[in-house]
Each structure stands twice: as C-alpha cells, then as structure tokens.
*Asks:* 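Let me give you the structure first, and then I'll get to my questions.
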There are 2 protein chains.
Amino acid sequence: MSHPKSINYKEDEINLARYAKALGHPARIAILKFLASTDTCFCGEIVDELPIAQATVSQHLKELKNAGLIRGSIEPPKVRYCIDPENWKKSSRFFEDLFKKLI
Amino acid sequence: MSHPKSINYKEDEINLARYAKALGHPARIAILKFLASTDTCFCGEIVDELPIAQATVSQHLKELKNAGLIRGSIEPPKVRYCIDPENWKKSSRFFEDLFKKLI
DNA sequence: ATTGTTCATCGCAAATATACGATGAATATT
DNA sequence: AATATTCATCGTATATTTGCGATGAACAAT
C-alpha cells in the first residue's frame, strides 16, 4: 500500500480510533459488559458465556489488553482479568468529548 | 469460516459494536469532527482537509453513512453531508451506558 | 513422574478493511 | 454538442481481522 499524501492524524484522533476499534466487535462488547458486571473474571468463564471457542476468546482478550481497556494478572493456573480503570475513564472521556461536539 | 457454536449476541451489543467499528479509524474520527465543527460540508472540503485520496474519503463517508452516523443530501453537482442527529444521540447514549457500567 | 487444568500462542483459511487510480453518472456552463 | 466539476463506484492490491484446531507452557494434584 502506498501513501502519497503523508498521513498525520492528530494524536487524540488516533487514540480514540484505537479505543473505538477495540470496541468494534460484539464479542468484545459482551466481554467488557461481563467483566464490568463481575468485577474480575477468568478466561474460562467468558468461554462458557460466549458462543465462541477458547482460542478466539483469548485473542479478543489480547486485543482488549493491547488497546489498554483491560488488564490481566496471573493466578496460576489461571489469569484474572479486570477492566483497566484508568484507561477506561480516559476512553470514556474521549467518547464524551467527541459526542458533545454536536449535541 | 465455520461457526460451530451458533452466534447470538444481543441486539444492543451488535449495534454498539457497529457504531464503534465506524469510529475505529482516525480518518473517520477526523471527518466527524470536521462535520461537527462546520455543521455540513461537501466531500471536496474533506479531501482538502485530510491526507487521503478522494476515492478513499468517499469510501469512509459511505461507511459512516451505513453505520447511520451521517446523512447526505444531493445538491447538484455536490452532496452535502451532515451528522445524523438522531443516531448520533443514540450512539452517544450507547457508549455512555457502556462506560457508566464501571465508573 | 504422570496426569489434568487453564490459558496463550501458532498455523492456517476465509472474510473484511484500507487505499489508490480509473471510470462513470449527473449536472452546470460554455 | 462539448467541456468542466463533483462525487460515487469499480477493479485491484495489500493488510488486517476473525475464527478454529492443535500444540505448548505453567502449575496443581495425584
């Protein structure tokens, strides 16, 4: 792919897009809602909850982690996941700012 | 692709994911911010503003339109775009509901 | 030492997204 | 009629995403 015009979006636009992209799949929305409702949980609980295979759930968790929306702490042989409160608040503010630009 | 477990996400999760996905690219964030700041605009103005080709801008506009976030009205030989106030409010509420689940 | 549990990662296939140039459709101007 | 403007769409190339089964790593329990 070529980029004749050099791409230079603003930092905030890139960050907001990254958060939005992470939220852009029903499975990940469901995972986050589940996480928010239970405070913390293990991968296995999500697998039981959702209609997708363990490998796929693990991949979605990885993406949410990469986006910064969740965190995982090892608790052998499991991994306890929770929402990252700081980034959660940050992304909440990002969306709020975007939407209040019009309403 | 195969789907051994039948996929059945909740309606709201699907809708929120669709809005989020539409917001999941810096160019589309930039387009929406520009649209919000100018009320309405033509495709050409966005092409001047953003570092991407006309065909690509048009495609992003199409995706935003498919997601329901913007509308376009023909004004020959141009198309005037504006944010869809109703769906904008709706998606704003969706995100608000998601984020307030934790904070 | 062997087995079981839990989860990440690898390797693969198919689908979707991103970007562009070229072309087409619609209309206004000459 | 011919030309110019504006924008959508087509065709194409490449990258990313989504999903799965299989395997591996880490630890617990036998």
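Just so it is clear, the structure is predicted and the values come from calculations on it, not from any experiment. Throughout, a chain's letter reflects where its sequence line sits, starting with A, and its residues are numbered from 1.
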*Asks:* What integer distance in Å separates A:L50:CG from D:dT18:P?
*Replies:*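 Rounded to the whole Å, the gap is 14 Å.
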*Asks:* Find the distance A:K62:NZ to C:dT6:C1' and express it as a whole number of Å.
*Replies:*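 It works out to 17 Å between those atoms.
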*Asks:* Using a 3.5 Å distance criterion without hydrogens, assess whether the side chain of B:E63 forms a donor-acceptor pair with backbone atoms of B:H60.
*Replies:*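 Pair absent, no side-chain N/O of B:E63 close to backbone of B:H60.
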*Asks:* Of the nucleotides D:dT9, C:dT18, D:dC7, which has the atom closest to the B:Q59 side chain?
*Replies:*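 Selected nucleotide: C:dT18.
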*Asks:* With sugar-phosphate meaning primed atoms plus P, OP1 and OP2, does A:R80 contact a base, only sugar-phosphate, or nothing at under 4.0 Å between heavy atoms?
*Replies:*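 The answer is nothing, as A:R80 stays clear of every strand by at least 4.0 Å.
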*Asks:* Give the rounded distance in Å between these two atoms: CD1 of B:I74 and P of D:dT9.
*Replies:*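 About 10 Å, once rounded to whole Å.
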*Asks:* I need the NE2-C1' distance between B:H60 and C:dA17, as an integer number of Å.
*Replies:*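 About 9 Å, once rounded to whole Å.
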*Asks:* Between D:dT18, D:dT5, C:dT9, which nucleotide gets closest to the side-chain atoms of B:P77?
*Replies:*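 Nearest to the side chain of B:P77 among the choices is D:dT5.
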*Asks:* At less than 4.0 Å, is any side-chain N or O atom of A:K21 found next to OP1 or OP2 of D:dT17? Yes or no.
*Replies:*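 Looking at the OP1 and OP2 atoms of D:dT17, one of them is under 4.0 Å from a side-chain N or O of A:K21.
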*Asks:* Indicate yes or no for a side-chain donor-acceptor contact from B:D84 to the backbone of B:N87 under 3.5 Å, with no hydrogens or angles considered.
*Replies:*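 Side chain of B:D84 to backbone of B:N87: a pair is present.
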*Asks:* Is the closest side-chain donor-acceptor distance between B:T40 and B:R80 under 3.5 Å?
*Replies:*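 Per modelled atom types, B:T40 and B:R80 side chains form a pair under 3.5 Å.
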*Asks:* In whole angstrom, what separates A:D48's CG from C:dT6's C1'?
*Replies:*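 Rounded to the whole Å, the gap is 12 Å.
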*Asks:* What nucleotide among D:dT6, C:dC7, D:dG19 has an atom nearest to a side-chain atom of A:C43?
*Replies:*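 Side chain of A:C43 sits closest to C:dC7.
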*Asks:* Among D:dT6, C:dC20, D:dT18, which nucleotide has an atom closest to any side-chain atom of A:E63?
*Replies:*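 When the side chain of A:E63 is considered, D:dT18 is the closest of D:dT6, C:dC20, D:dT18.
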*Asks:* How long is the line joining CG of A:L64 and P of C:dC7, in whole Å?
*Replies:*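 In whole Å, C:dC7 P lies 16 Å from A:L64 CG.
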*Asks:* Within less than 4.0 Å of OP1 or OP2 of C:dC20, is there a side-chain N or O belonging to B:T56?
*Replies:*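 For C:dC20, OP1 or OP2 has a side-chain N or O of B:T56 closer than 4.0 Å.
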*Asks:* Under 3.5 Å, side chain of B:S92 to main-chain N/O of B:W88, donor-acceptor pair present?
*Replies:*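 No; zero donor-acceptor contacts below 3.5 Å.
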*Asks:* Considering only C:dC20, C:dT18, D:dC20, which nucleotide approaches the side chain of A:I52 most closely?
*Replies:*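 That would be D:dC20.
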*Asks:* Can you tell me which nucleotide in C:dA19, D:dC7, D:dC20 comes closest to the side chain of B:F42?
*Replies:*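 When the side chain of B:F42 is considered, D:dC7 is the closest of C:dA19, D:dC7, D:dC20.
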*Asks:* Between atom CD in B:E75 and atom P in C:dA25, what is the gap in whole Å?
*Replies:*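 These atoms are roughly 23 Å apart.
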*Asks:* Roughly, in whole Å, what's the span from CG in B:N66 to P in C:dA17?
*Replies:*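 These atoms are roughly 10 Å apart.
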*Asks:* Looking only at the side chain of B:H25 (C-beta and beyond, no hydrogens), which of the listed nucleotides D:dA22, C:dC7, C:dT18 gets closest?
*Replies:*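 For B:H25, the side-chain atoms sit closest to C:dT18.
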*Asks:* Would you indicate which nucleotide in D:dA22, D:dC7, C:dA19 comes nearest to any side-chain atom of B:Q54?
*Replies:*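 Among the listed nucleotides, the one closest to the side chain of B:Q54 is D:dC7.
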*Asks:* Taking the side chain of A:A53 as its heavy atoms from C-beta onward, which of D:dC7, C:dT18, D:dC20 lies nearest to it?
*Replies:*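 Between D:dC7, C:dT18, D:dC20, the one nearest the side chain of A:A53 would be D:dC20.
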*Asks:* Do the rings of A:F95 and B:F99 sit parallel, tilted or perpendicular, given the 30° and 60° boundaries?
*Replies:*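 A:F95 vs B:F99 ring planes: tilted.
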